[in-house]
Amino acid sequence: MELKNPELTLTFSTQGGRVQAVRLNKYKTFFGKPLDLFDAQSARYNTKLTTTGGQTVDFASLNFQAGAPTATADGGQQLAFTAPVGGGTVTQTYTLPKAGYEVKYNLKLSGVATTQPLTFSFVDNVRQTEQDLKQNRNHSTINHYLASDDPGSLAEASEKPEEMKITAPIKWSADKHDFFVAGFIADSQPFASGTFNSTVNLADSTFIKTLSTSLALPAADVTSAAGGQYRFFFGPNQFNLLKDVAPNFDRNVYLGWGLFRWVNRFVVLPVFHFLEQYISSYGVIILLLVVLIKLVTWPLTYKTYESQARMKVLKPELDEIKAKFPDDQVKSQQETMKLYTQFGVSPLSGCVPTLLTLPILFAMFQFFPNAIELRQQPFLWAHDLSTYDNPILLPFTLPYLGNHISLFTVLMTISTLFMTYQSNQMNTAAMQGPMKFYSYLMPLVFFFVLNSFASGLTWYYLVSNVVTLAQQALTRSFVDDTKIRAQLEANKVKNKDKKPGGFQARLAEAMKTAQEREAQGKKPGKA
């Protein structure tokens with residue numbers, strides 16, 4: 001028995017009067033098969049109640065009588081299931097709208113005496129639907145939202161059993177399958193309490209994670225004249241769709257935390273969806289997104305480059321200090337700070353603008369792996385921008401790398417190394433010894449980290465690097481080393497008797513203290 005609209009196909013079972021399977025008609029798995037959010041083999045939900053006489057009624061053991069599907073006033077479909085319980089009846093009514101992913105569910109007890117909350121349980125064995133099994137598993141979890149406006153969830157990436165017990169009223173609960181959601185929402189009264197569990201069996205190749213939910217339905221709600229009013233949501237994990245389902249239901253789309261979530265929600269998503277209206281290629285949308293962000297942050301980029309140019313101009317003086325104090329690092333640092341004060345240069349002036357752009361960088365790190373808009377969207381050699389591109393397959397598996405090489409990640413790493421080289425050439429004073437070594441090591445580390453990340457993310461970072469290099473080349477034409485030298489010489493005259501202040505003064509004092517402690521430790525008789 002089925003109810004169907006353009007988005008959903010619901011298959012029902014009279015045993016328990018329940019939804020047995022849910023198919024998302026507009027989606028396929030990464031492997032090209034129909035996308036069943038769950039079916040009779042992978043999931044099962046059930047409801048239990050205890051009458052005032054102490055009788056336990058298990059809906060799964062009841063054979064419900066199904067009525068004929070009827071049309072609703074708005075063009076949807078309705079299907080009711082009834083079963084006798086003691087001297088009364090249980091009625092479950094499902095309403096599927098003409099279009100959309102929400103299913104209204106009414107549960108009503110007539111003539112059934114009960115005062116204890118009913119128990120609604122849902123066991124969901126998640127199947128792999130995406131290319132990357134690990135990401136698919138790590139992004140699958142149970143989220144919930146309390147009636148007191150407090151969201152919560154089980155740990156996503158944990159491979160250990162997770163459990164959470166909630167005694168406060170709950171507005172909704174949702175099983176998130178990476179890019180898809182099976183949610184249960186209370187419209188009349190909140191669920192009285194809930195228990196959520198997740199387990200992983202790494203040896204199981206059929207089910208990647210098991211999610212278990214138990215919710216308490218208030219007896220007064222389901223025994224009322226109207227019955228308990230609930231909704232199921234079976235659909236894609238898309239922010240603009242979920243934000244209208246229930247309060248904070250859009251939190252099923254993970255956009256990061258704190259400032260990063262704010263950047264994604266109010267900056268990245270609106271721009272992304274605006275471009276989406278006019279451009280069909282998501283690879284091009286990402287490119288334009290980079291260009292727009294770089295244009296907005298160009299003043300900060302210019303400040304960073306200008307600071308690096310000042311440091312480059314001061315290189316002869318810095319080299320002279322190092323030659324003068326080759327074995328006294330503390331004295332060398334003190335003289336360096338003194339030099340900065342004389343010429344009016346701050347070693348942090350180039351770092352602060354860069355730090356201000358980091359929220360956007362980290363926001364993108366959260367956005368692309370969770371954006372269903374990129375799912376199964378091809379670009380260049382990538383078949384799906386929501387997962388890694390794998391034009392190079394290895395006949396073996398390498399630690400931290402897997403059995404593939406992402407070409408976008410390779411190109412991103414090369415461009416990052418080139419940017420690092422240019423930056424080090426501009427800032428030779430700061431990038432010496434271990435610091436210079438680590439500056440080249442980090443891009444190689446990120447190659448291993450990002451090799452299995454969404455190709456949309458590594459494409460974004462690659463384009464960002466290329467645009468940054470172009471910005472630097474253009475900025476270089478506006479920055480005149482001769483003029484900078486003249487400005488620094490003027491600062492030197494102006495600051496002739498000026499002492500270090502602010503951060504530089506504190507740093508100089510810390511160096512002096514460290515030098516005194518070192519000298520004290522070298523006195524005879526000291527251990």
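Counting begins at 1 with the first residue of the sequence.
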Quick one, [X] and [Y] - any side-chain contact, counting heavy atoms below 4.5 Å?
{"X": "Thr14", "Y": "Gln65", "answer": "no"}
{"X": "Ile392", "Y": "His404", "answer": "no"}
{"X": "Ser198", "Y": "Thr210", "answer": "no"}
{"X": "Phe365", "Y": "Phe260", "answer": "no"}
{"X": "Phe396", "Y": "Asn403", "answer": "no"}
{"X": "Val253", "Y": "Gln238", "answer": "no"}
{"X": "Ile166", "Y": "Ser193", "answer": "no"}
{"X": "Thr468", "Y": "Met419", "answer": "yes"}

Which value, rounded to the nearest 0.5 Å, describes the distance between [X] atom [atom1] and [Y] atom [atom2]?
{"X": "Leu24", "Y": "Asp36", "atom1": "CG", "atom2": "CG", "answer": "8.0 Å"}
{"X": "Leu217", "Y": "Gln116", "atom1": "CG", "atom2": "CD", "answer": "13.0 Å"}
{"X": "Ser386", "Y": "Gln377", "atom1": "OG", "atom2": "CD", "answer": "9.0 Å"}
{"X": "Asn63", "Y": "Ser13", "atom1": "CG", "atom2": "OG", "answer": "8.0 Å"}
{"X": "His144", "Y": "Lys171", "atom1": "NE2", "atom2": "NZ", "answer": "14.5 Å"}
{"X": "Arg231", "Y": "Tyr94", "atom1": "CZ", "atom2": "OH", "answer": "16.0 Å"}

Compute the ring centroids of [X] and [Y], then answer whether they are less than 6.0 Å apart.
{"X": "Phe180", "Y": "Tyr27", "value": "yes"}
{"X": "Phe249", "Y": "Phe233", "value": "yes"}
{"X": "Phe184", "Y": "Phe122", "value": "no"}
{"X": "Phe368", "Y": "Trp459", "value": "no"}
{"X": "Tyr282", "Y": "Phe379", "value": "no"}
{"X": "Phe12", "Y": "Phe81", "value": "yes"}

Any donor-acceptor N/O pair, [X] side chain to [Y] backbone, under 3.5 Å:
{"X": "Asp384", "Y": "Phe30", "value": "no"}
{"X": "Asn237", "Y": "Phe179", "value": "no"}
{"X": "Gln366", "Y": "Arg261", "value": "no"}
{"X": "Trp262", "Y": "Trp257", "value": "no"}
{"X": "Asn465", "Y": "Leu411", "value": "no"}
{"X": "Asn390", "Y": "Leu393", "value": "no"}

Salt bridge check, [Y] against [X]: does any charged N sit closer than 4.0 Å to a carboxylate O?
{"X": "Lys209", "Y": "Asp124", "value": "no"}
{"X": "Asp250", "Y": "Lys176", "value": "no"}
{"X": "Arg375", "Y": "Glu130", "value": "yes"}

Discussion item. Out of the candidates Lys104, Gln78, Gln77, only one should pair with Thr95 under the side-chain hydrogen bond (donor to acceptor under 3.5 Å, both in side chains) rule; please name it.
Written reply: Gln78
Practice prompt. Kindly indicate, with the supporting measurements, whether the criterion ring pair (Phe, Tyr, Trp, His ring centres under 6.0 Å) is fulfilled by Phe120 and Tyr230.
Written response: CA-CA 12 Å; Phe120 173 89; Tyr230 308 98; 8.1 Å; no
Worksheet item: Regarding Ser188 and Asp221, is there a side-chain donor-to-acceptor distance under 3.5 Å anywhere?
Response: yes
Fill in: Working for side-chain hydrogen bond (donor to acceptor under 3.5 Å, both in side chains), residues Ser406 and Asp389
CA-CA 5 Å; Ser406 165; Asp389 59 302; 2.6 Å; yes
Discussion item. Please give me the minimum heavy-atom distance between Ala363 and Val263, naming the atom from each residue.
Written reply: CB-CG1, 3.8 Å
Response to the item:
Of Asn136, Ile208, Thr206, the one forming a side chain to side chain contact (heavy atoms under 4.5 Å, CB included) with Arg127 is Thr206
Fill in: Plane angle bin for Tyr45 and Phe232 - parallel if under 30°, tilted between 30 and 60°, otherwise perpendicular
tilted
Practice prompt. Apply side-chain hydrogen bond (donor to acceptor under 3.5 Å, both in side chains) to Asn252 and Asn143, showing your working.
Written response: CA-CA 7 Å; Asn252 285 295; Asn143 296 321; 2.8 Å; yes
